[in-house]
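Remarks on the structure that follows.
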2 protein chains.
Amino acid sequence: MLKEERQQLILEHLKTAKKINLGDLSNMLTVSYDSVRRDVIELEDKGLLKKVHGGVVSNSYLNILSGQRKGVKKGGDLEIVIKKALKFLKNNQIIILDGGTTNFFLAEQIPKNLTLTVITNSPPLAMALNDHENVEVILLGGRYYKRYQIAMGPEVSNQLKRFYADLYFMGINGIDKTKGLSLRNYEESILKQQMMSSAKSTICCVVEEKIGVVEAYQICPISKLNTLVTNLEPDSIDLLGFEGVEKV
Amino acid sequence: MLKEERQQLILEHLKTAKKINLGDLSNMLTVSYDSVRRDVIELEDKGLLKKVHGGVVSNSYLNILSGQRKGVKKGGDLEIVIKKALKFLKNNQIIILDGGTTNFFLAEQIPKNLTLTVITNSPPLAMALNDHENVEVILLGGRYYKRYQIAMGPEVSNQLKRFYADLYFMGINGIDKTKGLSLRNYEESILKQQMMSSAKSTICCVVEEKIGVVEAYQICPISKLNTLVTNLEPDSIDLLGFEGVEKV
DNA sequence: CAATATTTTGCAAAAACTTGCAAATATTTT
DNA sequence: AAAATATTTGCAAGTTTTTGCAAAATATTG
């Protein structure tokens, strides 16, 4: 195993585990305790992790790089949704991904050989695409809202006005057959309306817990949405009444 | 097997595997270890891969491991620099932080009780400020350059034109008394010149290894810089000849 | 405090790299 | 086509880097 390979593996595990024993690393990588120790020293020198007594922990830079790496639960609702959503991606598309959690995971799961342009107002999402060589990223700038980890404001809107993407993947807090798609934050609801206007087609990906949920600020009625992707079957009883939208 | 054939096979294999042992290549291509090594050297010279001890990796494999970053060592040069730099921060200032490593660590070390506005084109830096409640963050949007993890492009410049911050902390690759401040990337050097124009005062923070280093693209001569912060004493012999700049 | 675990240091062996050279192969010239 | 020339390949010897180990020193735990 190449040293670089080992170090990559260390970082990959640390992105998920946040903290690892040197002994466990030694077993995992099938090299001596000492070799692992040397690797770890080197990685610490590079600012990629922090060495502690008997082990290593993630540092802030790696935390930022790893994003929300608790990840998508195997076989869970979200994984089903993301798998369905990935099917809409085609080579050479231009897509808008806003700052929702689902979109972050979708971005991560973009096949490495897929050529895309991603427009986003989410720094973590942009960074999730660091290793996607074939994905061009356009970052929308504005005032950074730490709570949501997205940029918003008039500058974002101005940039969007000049775009007309193929697809917009809209993140929401809730979707209801009569109250439509909604959110808890006013400015963000306005921004998403603008994102809809800046794309030919709007897709909303939600897990079933969000169905029937209504929050304070409506983004749009169901009929304005082109495609609804959920973990449910399209003919599920819970999706009855969602008219004027393609269900997947 | 022709050399060209072999080299093509190496690249194809690397595309899939990302990393290969030289020994495995030797077996696979049924040529001596030495011939493989020569092939690999040639391919590296062409920039098509990266040679590492005992093997090769694809160029993108080392994105995170490539030694551009340095950790902040306790008592090390960088820590001294950052401590000095922090002294320039005052309540209610508006500062520009570009995407250098030093600025990332500086951002992290901003006291939690300090009220600031930070303008930045660096998503990781914006995210490093997630827990700083008193720091407002303005993210400059544009095309996201994954290699440098910054946004650049005309949109960034347009946004900057409308700003006039108190301070600009400029990240560089090298500083030399006659050749000034320089960088390895052309677009970035232009952007930093624009950032200088968008701030009342420009501060450059560097560790001593960067002193005397000259890279391809000059940002500005020393005299245009307001303040130089290094880990050295201001009257150090290594700082002789740096005229027209405040040394800290 | 003693026992245990971890870290540091120094070292030898193994692996990888570098260099120079001769033989083999490929290309060019006649 | 044969001869001359250039390039490539494989090898051996010497050098450097990496790895694993053991002993000593230090830190942690009960």
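Worth saying up front: this structure is predicted, and the values here are computed from it rather than measured. Throughout, a chain's letter reflects where its sequence line sits, starting with A, and its residues are numbered from 1.
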Please list, chain by chain and in numerical order, all residues satisfying salt bridge (charged side-chain N to carboxylate O under 4.0 Å, His left out) with A/D131, sequence neighbours excluded.
none
Taking only residues two or more places apart in sequence, or in another chain, which ones meet B/E208 in a salt bridge (charged side-chain N to carboxylate O under 4.0 Å, His left out)?
none
Among residues two or more places apart or on two chains, list those pairs meeting salt bridge (Lys or Arg N to Asp or Glu O under 4.0 Å) that have a residue in residues 88-103 of chain B.
B/D98-B/K192
Of all residues at least two apart in sequence or in a different chain, which pass the side chain to side chain contact (heavy atoms under 4.5 Å, CB included) check with B/H13?
B/I20, B/M28
Tell me yes or no: between the side chains of A/S32 and A/D34, is some donor less than 3.5 Å from an acceptor?
no
Can you confirm whether the side chains of B/Q7 and B/D39 place a donor and an acceptor under 3.5 Å from each other?
yes
Kindly write out the residues that satisfy salt bridge (charged side-chain N to carboxylate O under 4.0 Å, His left out) with B/E215, not counting sequence neighbours, or none if the list is empty.
B/R184
My understanding is that only residues two or more places apart in sequence, or in another chain, count here; which of them pass side chain to side chain contact (heavy atoms under 4.5 Å, CB included) with B/S58?
B/L14, B/K18, B/S60, B/Y61
Decide whether B/Y33 and B/N27 meet the rule of one side-chain donor and one side-chain acceptor closer than 3.5 Å.
no
Name all pairs fulfilling the salt bridge (Lys or Arg N to Asp or Glu O under 4.0 Å) condition that reach into residues 234-248 of chain B, sequence neighbours left out, sorted by first residue then second.
none
For a quick check, with a 4.0 angstrom heavy-atom cut-off, what is the B/S/- contact string for nucleotides 6-11 of chain C, read 5' to 3'?
SBB---
Please list, in numerical order, the residues of residues 24-31 of chain B that have a heavy atom closer than 4.0 Å to any atom of DNA chain C.
none
With rounding to the nearest 0.5 angstrom, report the NZ to CG distance, B/K112 to B/L114.
12.0 Å
Does any residue of residues 4-11 of chain A have a heavy atom under 4.0 Å from DNA chain C, and if so, which ones, in number order?
none
Set of salt bridge (charged side-chain N to carboxylate O under 4.0 Å, His left out) partners for A/K19, sequence neighbours left out:
none
Output the rounded distance in Å from CG (A/L2) to P (D/dT17).
18 Å
Rounded to whole Å, NZ of A/K3 lies from C1' of C/dA16 at a distance of 13 Å
Distance-only polar pair, side chains of A/N121 and A/Y148, donor-acceptor under 3.5 Å
no
Starting from the first five and the last five pairs of the helix from C/dC1-D/dG30 to C/dT30-D/dA1, work out the angle between the resulting helix axes, to 10 degrees.
40°
